[in-house]
Protein chains: 2
Amino acid sequence: MGSAADKPFHHGNLRAVLLDRAHEVIRSGGVDALSLRELARDAGVSHAAPRRHFRDRHALVNALAERGFELMTRRMSDAATAHPDHRDRFRALAEVFVDFAATEPALLDLMFTKTVDPPPSLTEAVRRFYEVSRRVVLDGHEAGVRPLADPERTQMLLIATLQGIATLVGTGRITSEEAGVLIDDTTTLFVGPADDR
Amino acid sequence: MGSAADKPFHHGNLRAVLLDRAHEVIRSGGVDALSLRELARDAGVSHAAPRRHFRDRHALVNALAERGFELMTRRMSDAATAHPDHRDRFRALAEVFVDFAATEPALLDLMFTKTVDPPPSLTEAVRRFYEVSRRVVLDGHEAGVRPLADPERTQMLLIATLQGIATLVGTGRITSEEAGVLIDDTTTLFVGPADDR
DNA sequence: ACCTGAACACCGTTCAAGT
DNA sequence: ACCTGAACACCGTTCAAGT
């Protein structure tokens, strides 16, 4: 009696409620399972209420993509600060990407699909996301790890490679174990052969 | 008078008609623009007629993905046979991938998204697609081009990298020109530095 | 501001029936 | 075999109206 779920009104946090629920829905049923009307029903509001917070379906999808980039950026930052050694740091970054693909395949898919009317906040989130790997690659370059002459290009190629591996995992074409092997190889190519002391 | 479009019946080629039209639709409007009912209207048949050829929407999408893989496999094979030199061949292969992303972004997206109930024919098309790059990498390995010890792993990483670059192009995050630069870098990493004679 | 309720124009999917 | 036409249960989106 009197639980939060009974309250028919959301005092400005309806947006967060809808977004949380949308995240759950795509996690268990993919993007196709997403329905604005169902989200509204789950939140206990009329089907027209979400329109105050998301102009249309694209806006909701963009908001989810933004959340995805923020999530991954945070995990990558944490991984980067946790490992002082460049090689370890590089590997940790790659592992975050692949783990994300394995646990959030639908969200990853959203993040790397053509966006319709992306809001500035999404563009900013994407920029911050790129910035983490950029920092790591530039630091490596400073320390003499230079697989290519231009570190900016190295970083772009690295992002492409990691996204490619992640997609193979997310679509189920390779297993997480096989992805681990590919991360080893990526590290070999971008950082150099491991010391087998 | 008496043009093919007037005929209300398709003698077994309705499937091909629907698929061609579906390809056009996603090329100009993305996957979201795809509607079975609209496809049926365009073909001049009832909205229930497509069901004979595609059990549901997923079946149509899978058929499109299959067509995409066949298209790309053919272009890659042509590119591979056109260039005897390994480096040229490698580059041509990468260029096919990126060109495909630029001209068929929606189709590429379908091909690298989690499939629902993929038919054996799609699985086979994917296998044949991988086989082309596998052949090229194995030939290179034979000839002494060995960026990694295991050519099978080299091939998988190459596919991931090319798909990653293609996705960046398809989503509009980099231009085709920037992709060309990344192909240069990919070639450097996988084949070695170019002779600057 | 924020939400409701009715309305509009679509969907995918199913199924008995036609030829 | 292949297709039709009606029916069902949904959608996204819009908009006047309520508090």
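Throughout, protein chains are lettered first and strands after them, A, B, ... in sequence-line order, and every chain is numbered starting at 1. These numbers come from the heavy atoms of this one structure, side chains and all, not from hydrogens, waters or symmetry mates.
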A/Leu39 CG to D/dT13 P, straight-line distance once rounded to whole Å:
13 Å
Which part of the nucleic acid, if any, lies within contact of A/Arg37, taking any heavy atom under 4.0 Å across all strands shown: a base, the sugar-phosphate backbone alone, or nothing?
base
Tell me if a side-chain donor or acceptor on B/Arg89 pairs with a main-chain N or O of B/His83 at a distance below 3.5 Å.
yes
Donor-acceptor pair, side chain of A/Arg173 and main chain of A/Thr167, under 3.5 angstrom:
no
From A/Arg128, A/Arg134, A/Arg135, residue fulfilling side-chain hydrogen bond (donor to acceptor under 3.5 Å, both in side chains) relative to A/Glu131
A/Arg134
B/Asp42 CG to C/dC11 P, straight-line distance once rounded to whole Å:
10 Å
B/Leu34 has an atom CG; how far is it from atom P of C/dG12, in whole Å?
8 Å
Looking at A/Gly30 and A/Ala106, what are the two nearest heavy atoms and their distance?
CA-CB, 4.1 Å
Please check: side-chain N/O of B/Asn62 versus main-chain N/O of B/Val116, any donor-acceptor pairing under 3.5 Å?
yes
Have a look at B/Phe97 and tell me which of B/Thr161, B/Ile165, B/Leu108 forms a side-chain contact (heavy atoms from CB on, under 4.5 Å) with it.
B/Leu108
Between D/dC11 (C1') and B/Glu38 (CD): distance, integer Å:
16 Å
Nearest to side-chain heavy atoms of A/Ser35, which nucleotide of C/dC11, C/dT4, D/dC11
D/dC11
Whole Å only: how far is the CZ atom of A/Arg57 from the P atom of D/dT14?
15 Å
What is the nucleic acid contact for A/Arg15, judged by heavy atoms within less than 4.0 Å: base, sugar-phosphate only, or nothing?
nothing
Go through residues 47-56 of chain A and report each residue with a non-hydrogen atom lying under 4.0 Å from DNA chain C, sorted by number.
A/His47, A/Ala48, A/Ala49, A/Arg52, A/His53
Without decimals, in angstroms, what is the distance between A/Leu60 CG and D/dT13 P?
10 Å
Check whether any side-chain heavy atom of A/Arg67 sits under 4.5 Å from a side-chain heavy atom of A/His23, and report yes or no.
yes
Starting at atom CZ of B/Arg41, determine the distance to atom P of D/dT4, rounded to an integer number of angstrom.
14 Å
Base, sugar-phosphate alone, or nothing: which one does A/Ser46 contact when heavy atoms must sit under 4.0 Å apart?
base
Here the helical stems involving DNA chain D, each at least 3 consecutive Watson-Crick or G-U pairs closer than 3.5 Å, sorted by first residue number, are C:4-8 with D:12-16, C:12-16 with D:4-8
Backbone N or O of A/Thr154 within a donor-acceptor pair of the B/Asp185 side chain at under 3.5 Å?
no
Identify the heavy atoms of A/Phe190 and A/Pro147 that sit nearest to each other, and give their distance.
O-CG, 3.3 Å
Between CG of A/Leu36 and C1' of D/dC10 the distance, given in whole Å, is 14 Å
